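Here's the structure we're looking at; comments come further down.
Heavy atoms only: backbone and side chains are in, while hydrogens, waters and symmetry mates are out. This one's a predicted model, so the numbers in the text were calculated from it and none came from an experiment. The sequence lines fix the lettering, A, B, ..., with proteins before strands; numbering per chain opens at 1.
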Protein chains: 2
Amino acid sequence: MLLSKSCVYGLRAALYLAAKRDGSYYSIRTMSEELDISFHFLTKILQQLTADSLLESYKGPNGGVRLSAKGKKSTLFDLVIAIDGPGLFTECALGLPGCGSEEPCPLHNSWIDTRASIENMLKRTNLTKIAEEGKEKHFRLTADGHFSWS
Amino acid sequence: MLLSKSCVYGLRAALYLAAKRDGSYYSIRTMSEELDISFHFLTKILQQLTADSLLESYKGPNGGVRLSAKGKKSTLFDLVIAIDGPGLFTECALGLPGCGSEEPCPLHNSWIDTRASIENMLKRTNLTKIAEEGKEKHFRLTADGHFSWS
DNA sequence: TTAGTTTAAGACAATAAACTCTTAAATAGG
DNA sequence: CCTATTTAAGAGTTTATTGTCTTAAACTAA
């Protein structure tokens with residue numbers, strides 16, 4: 001699996017918030033139901049993003065989370081780093097510490113290119129742009145197509 | 001992590017066998033020590049490759065495992081499929097079942113390209129060719145550079 | 001001020017992945 | 001035949017990931 005489940009849930013939630021392009025707070029409970037993700041688990045993941053200032057949260061009635069200014073400008077790469085850390089983009093494909101161009105593993109030269117293409121894919125556009133594109137193309141964020149981009 | 005640890009261990013062991021270009025049997029115990037992988041764990045992984053006819057095994061004194069004819073022709077892709085299964089090359093990056101060009105997730109179009117580049121990287125050459133290249137370039141298979149391509 | 005709502009925090013439980021250990025079966029060589 | 005060696009098979013353990021539950025803190029509105 002390329003990304004952990006935590007990471008995938010975090011991405012889907014961030015995309016959900018980007019899709020709602022007003023800047024209001026959305027409750028994690030509602031998001032968890034619409035995206036079909038465990039509420040408590042999603043809460044913990046979004047706390048990481050809040051701690052990283054990609055989200056802003058507000059407690060109490062009508063509270064919830066929303067994208068921060070930083071979050072709106074951020075790319076999927078930034079979200080992946082915040083949740084899964086940088087390992088995917090720094091480590092040897094065979095897990096060999098010290099693998100590099102001086103002493104490469106058999107995959108090294110191929111892997112650095114492929115790794116860069118993964119990185120570029122995730123860096124291509126920020127959340128605001130993905131949200132605009134999503135409105136045109138009606139991207140899905142759920143298994144059942146239950147989510148509607150608005 | 002792109003590949004599971006089981007898969008990485010399996011790849012390193014298969015590359016080890018490819019590096020020894022004589023067709024003799026190598027004991028899993030020796031391989032586990034030279035590659036610094038748990039013996040019993042490596043045994044189980046190599047059993048999967050044997051079951052898939054990528055390796056041949058022989059019991060008893062001077063026994064061990066070696067690449068089969070199929071194994072020598074196989075690519076790293078074949079080994080990954082044998083150990084981790086096809087998920088990496090078939091599933092949606094956001095884990096959404098039914099994701100496809102009709103109803104894509106926000107990553108879909110980028111991901112199918114990136115996924116193909118991972119697949120191509122792993123399919124590029126077979127084990128015999130990697131072994132030849134490894135002899136020229138002295139690829140590493142261990143953390144400590146302890147392995148010598150011969 | 002009080003009750004209800006929501007995120008924060010952390011303990012806890014279930015599952016999966018990674019790793020270990022024991023026993024069985026096959027083989028070689030004395 | 002007997003013993004040592006090696007893979008096969010599978011049970012068991014540990015660790016990491018995923019998921020659940022409870023309590024606290026912040027906030028709203030009546």
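- Considering only residues two or more places apart in sequence or on other chains, B:Asp78 meets the side-chain contact (heavy atoms from CB on, under 4.5 Å) condition with B:Ser74, B:Thr75.
- For DNA chain C, the residues of residues 16-41 of chain B within the heavy-atom distance limit of 4.0 Å (strictly under) are B:Ser38, B:His40, B:Phe41, sorted by number.
- Taking atom NZ on A:Lys44 and atom C1' on D:dT20, their separation rounds to 9 Å, with Å as the unit.
- In this view, A:Lys129 satisfies the salt bridge (Lys or Arg N to Asp or Glu O under 4.0 Å) rule with no residue, not counting sequence neighbours.
- Here chain A contacts DNA chain C (any atom closer than 4.0 Å to a heavy atom, that is under 4.0 Å), and the contacts span C:dG4 to C:dA11 from 5' to 3'.
- Judged as a side-chain hydrogen bond (donor to acceptor under 3.5 Å, both in side chains), the pairs with a partner in residues 51-64 of chain B (not counting sequence neighbours) are, in order, B:Glu56-B:Arg66.
- A straight line from CE of B:Met1 to C1' of D:dT15 spans 13 Å, rounded to a whole angstrom.
- In this structure the side chain of A:Leu54 never reaches within 4.5 angstrom of the side chain of A:Leu67, judged on heavy atoms.
- With sequence neighbours left out, A:Glu132 forms a side-chain contact (heavy atoms from CB on, under 4.5 Å) with A:Thr128.
- The side-chain hydrogen bond (donor to acceptor under 3.5 Å, both in side chains) search around A:Lys137 returns A:Glu133, not counting sequence neighbours.
- Screening residues 6-20 of chain B for side-chain hydrogen bond (donor to acceptor under 3.5 Å, both in side chains) gives B:Tyr16-B:Glu34 as the qualifying pairs, with residues at least two apart or on separate chains.
- Other residues sharing the hydrophobic cluster of B:Ile112, ordered by chain and number and joined by side-chain separations under 4.5 Å: none, the residue standing alone.
- Distances shown here put every side-chain N or O of B:Thr50 at or beyond 4.0 Å from the OP1 or OP2 atom of D:dT7.
- Within a heavy-atom distance below 4.0 Å of DNA chain C, the residues of residues 54-73 of chain B found are B:Tyr58, B:Lys59, B:Gly60, B:Pro61.
- Residue pairs that meet the side-chain hydrogen bond (donor to acceptor under 3.5 Å, both in side chains) test with at least one member in residues 85-99 of chain A, sequence neighbours left out, do not exist here.
- Going from atom CG of A:Leu42 over to atom C1' of D:dC21 covers 16 Å, rounded to whole Å.
- Within the structure, side-chain hydrogen bond (donor to acceptor under 3.5 Å, both in side chains) pairs that include any residue of residues 92-109 of chain B comprise A:Arg140-B:Glu103 (at least two apart or interchain).
- Across every non-hydrogen atom of B:Ala19 and B:Trp149, the tightest pair is CB-CE2, 3.7 Å.
- A straight line from CG of A:Leu3 to C1' of D:dT18 spans 16 Å, rounded to a whole angstrom.
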